[in-house]
Number of protein chains: 2
Amino acid sequence: MKNPSTVIVNRISIEKSDFVVLPGGYVNQNEDVEAAMERIVSESTGLEKILFKQFAVFGGANRSFGNNLVHHKVFKTASEKAMLKWLSKRFVSICYLALVDYSKIKLKPTQFMDTAAWLPINQVKKLAMDHADIVKSAHDSLLKEMPYAPIASNLLPARFTLPELQALVESILNRTIDRPNFRRKILSTGMIAKVGVDSSNKRRPADLYSFKHGRNTSLIDEYKFGF
Amino acid sequence: MKNPSTVIVNRISIEKSDFVVLPGGYVNQNEDVEAAMERIVSESTGLEKILFKQFAVFGGANRSFGNNLVHHKVFKTASEKAMLKWLSKRFVSICYLALVDYSKIKLKPTQFMDTAAWLPINQVKKLAMDHADIVKSAHDSLLKEMPYAPIASNLLPARFTLPELQALVESILNRTIDRPNFRRKILSTGMIAKVGVDSSNKRRPADLYSFKHGRNTSLIDEYKFGF
DNA sequence: TTTTTTTGAGTCAATATGACTCAAAATTAA
DNA sequence: TTAATTTTGAGTCATATTGACTCAAAAAAA
């Protein structure tokens, strides 16, 4: 991973007001909350059937983009007025996260959002409302979830090498890992199985692995804490 | 803990239809989601300022108590008709859990709920809609959160003995723990500090401890997984 | 006074971890 | 063609942690 610390953002422009926000949208009356999330993600990224985690709900009474708006501005077009009304609502955000390979994604604007782009995670302070807090919360949750769930599997092909897996984990944990120790631990869990050899270019051929279907992917001995 | 595996439930009776449900209610337009939860909990239990965890959102498009209703029944009173309308809505539930000492709680009925009672966890199948799934989800989340967060602190007095803490953890994990090993691990984390001696009845006096304020209460070395 | 119960402290083998070295397989350079 | 370089797989070893114990101290009960 060259630079995995990047999030998808949308830009909304009204008059002189400019918002950079995380992708989001409404849940329809007769729609699963999860289906709504998948619809919105699909609209913006084309991604389907990837692994998400619902990590937080932001439900403060005063959560609105109205505070970011310049209220005395004149909003001319009907579209702008509708957008203004939308932005002034009180939002309850049910937040999901997913890890994806951004090199394989073609971002598109959506119904409510003008442009879509990748924002380096060290620039999240530019985000409107409390969206920087949401990113922070997502990252915390991701680290906490790491030892249990293979959310990272969105980032790996069906067959991958141990060095590939290690590079991924290193980028999530943001630290280097001793290669022999990583290999020892991962293999000892039995969560992956050798399925072939990487015959591609590079140097010495690496063994190819796959996650064992339906198998426990926990990195820590569940519910054991040293007692 | 004699029998900690118990949840609070409300019973709703309309005509011959009978629902046993988890406590719940609406979020008002200008109310924090969290404040609403606290209000509902307070109404039903009188509990204030306890530690909660928001663990899941249940948002299926067909989540309604309408499916549990006998539709051809005649609902006579205005109250019953209002209740019927309420029960037939599509619900999105933002779910919170807390661990409490049920021996100290006096349950009260609320605006929407007729009676309040404790239901042993092995009888959750009696719950209406998907509330049994919610309880299951809460338990899973609780176990996953165990090594990190002191949600259990609701169950302990400000000053407690190590055997008391151990009994609590044993009841949550539903297994016995070796006493010397538990003591060694807990003390090695430095999350609690000795604050006195238990001079009460019983046998040999036990040391009293308190959680160190603002201290990390993680039982596992964060973000270390054997590599 | 003796026994029983409960709590605090310690031992020790087995296991897991952290920090390494070394060799094999392929590419690249000489 | 050979040597150096890079990447991957395998192994070593001291240290730290864990799991299963024993033992003694303090208080109540016999």
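By convention in this document, chain letters (A, B, ...) are assigned in the order of the sequence lines, proteins followed by strands, and residues within each chain are numbered from 1.
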Mind calculating the distance between [atom1] ([X]) and [atom2] ([N]) to the nearest angstrom?
{"X": "A/E164", "N": "D/dG9", "atom1": "CD", "atom2": "P", "value": "11 Å"}
{"X": "B/I177", "N": "D/dA20", "atom1": "CD1", "atom2": "C1'", "value": "15 Å"}
{"X": "B/L165", "N": "C/dT7", "atom1": "CG", "atom2": "C1'", "value": "15 Å"}
{"X": "A/I192", "N": "D/dG9", "atom1": "CD1", "atom2": "C1'", "value": "13 Å"}
{"X": "A/N181", "N": "D/dG9", "atom1": "CG", "atom2": "C1'", "value": "14 Å"}
{"X": "B/D198", "N": "C/dT7", "atom1": "CG", "atom2": "P", "value": "9 Å"}
{"X": "A/L208", "N": "D/dG9", "atom1": "CG", "atom2": "P", "value": "9 Å"}
{"X": "A/L187", "N": "D/dG11", "atom1": "CG", "atom2": "P", "value": "12 Å"}

Tell whether [X] reaches the base of [N] with its side chain through a donor-acceptor pair below 3.5 angstrom.
{"X": "B/R184", "N": "D/dG19", "result": "yes"}
{"X": "A/R204", "N": "D/dG9", "result": "no"}
{"X": "A/R203", "N": "C/dT27", "result": "yes"}

Between [X] (side chain only) and [Y] (backbone N and O only), is there a donor and an acceptor less than 3.5 Å apart?
{"X": "B/Q123", "Y": "B/P120", "answer": "no"}
{"X": "A/E31", "Y": "A/N28", "answer": "yes"}
{"X": "B/T45", "Y": "B/V41", "answer": "yes"}

Assuming nearest nucleotide by heavy-atom distance, tell me which of A/K194 and B/D178 is located more 5' along DNA chain D. A/K194
State which of [options] makes the closest approach to the side chain of [X].
{"X": "B/R183", "options": "C/dG8, D/dG9, D/dA20", "result": "C/dG8"}
{"X": "A/P180", "options": "D/dT6, C/dC20, C/dA23", "result": "C/dC20"}
{"X": "A/P163", "options": "D/dT8, D/dA26, C/dA25", "result": "D/dT8"}

Is B/K185 close enough to D/dT18 that one of its side-chain N or O atoms is under 4.0 Å from OP1 or OP2 there? yes
Assign the ring pair B/Y26 / B/F91 to parallel, tilted or perpendicular, where the plane angle (0 to 90°) is split at 30° and 60°. parallel
Close aromatic pair by centroid cut-off 6.0 Å: B/F58 and B/H131: no
